Amino acid sequence: MTHHVVTDGAGRHSVWRSAKRLPDGWRATGLTGTREECLDHIARVWTELRPQEGGPVTPPPTTSRTRPSPPGRTHEES
């Protein structure tokens, strides 16, 4: 299954299934791969977990099937 790394205006990152429409306020970063590849990429590039100041705060993408993420990771659709 293919996933995208997505980000919001506050600089937060998440993993989203490629076949799903992105939620409002989120955009694809251009990185596509397996869920694990996307999570590895996020772990390398998203080192400041606090939202960027002045950026819009968009709730993380969620669905009724979303699981909480471990600390230091992102919300993802299961």
Side-chain angles (χ1 to χ4, degrees):
M1 185 172 305
T2 304
H3 292 77
H4 291 293
V5 173
V6 297
T7 189
D8 69 0
R12 293 180 297 181
H13 291 67
S14 188
V15 175
W16 200 252
R17 284 188 192 171
S18 297
K20 296 284 187 178
R21 182 184 160 282
L22 291 177
D24 292 342
W26 291 81
R27 64 175 179 79
T29 64
L31 187 110
T32 303
T34 66
R35 177 180 167 269
E36 291 76 22
E37 290 169 336
C38 290
L39 288 172
D40 287 344
H41 173 77
I42 290 170
R44 285 190 309 273
V45 301
W46 190 25
T47 57
E48 177 55 61
L49 300 182
R50 291 177 289 183
Q52 296 172 358
E53 291 198 28
V57 177
T58 306
T62 60
T63 69
S64 59
R65 296 174 33 193
T66 300
R67 296 186 307 250
S69 299
R73 292 293 185 158
T74 64
H75 290 278
E76 62 188 84
E77 186 175 279
S78 48

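Since we're looking at a predicted model, the values are computed, not measured.
In this structure, OG on Ser18 lies 7.5 Å from NE2 on His3, to the nearest 0.5 angstrom. Note that CD of Glu37 and OG1 of Thr32 are 10.0 Å apart. Values are rounded to the nearest 0.5 Å.
In this structure, the side chains of Arg35 and Met1 stay at 4.5 Å or more apart for every pair of heavy atoms. Within the 4.5 Å cutoff, the side chain of Ile42 has heavy atoms near those of the Val15 side chain.
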Using the rule given for side chain to side chain contact (heavy atoms under 4.5 Å, CB included), can you reason through Val5 versus His13, listing the C-alpha separation, both sets of side-chain angles and the distance that settles it, and then say yes or no?
CA-CA 7 Å; Val5 173; His13 291 67; 4.0 Å; yes
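Residues satisfying the side-chain contact (heavy atoms from CB on, under 4.5 Å) test with Leu22, not counting sequence neighbours, are Val6, Trp16, Ala28. Take Arg21 and apply the salt bridge (charged side-chain N to carboxylate O under 4.0 Å, His left out) test, not counting sequence neighbours, and it matches Asp24.
In terms of heavy-atom proximity, Cys38 sits nearest to Gly33 at SG-N, 3.8 Å. Nearest heavy-atom pair across Gly11 and Trp46 is O-NE1, 3.4 Å.
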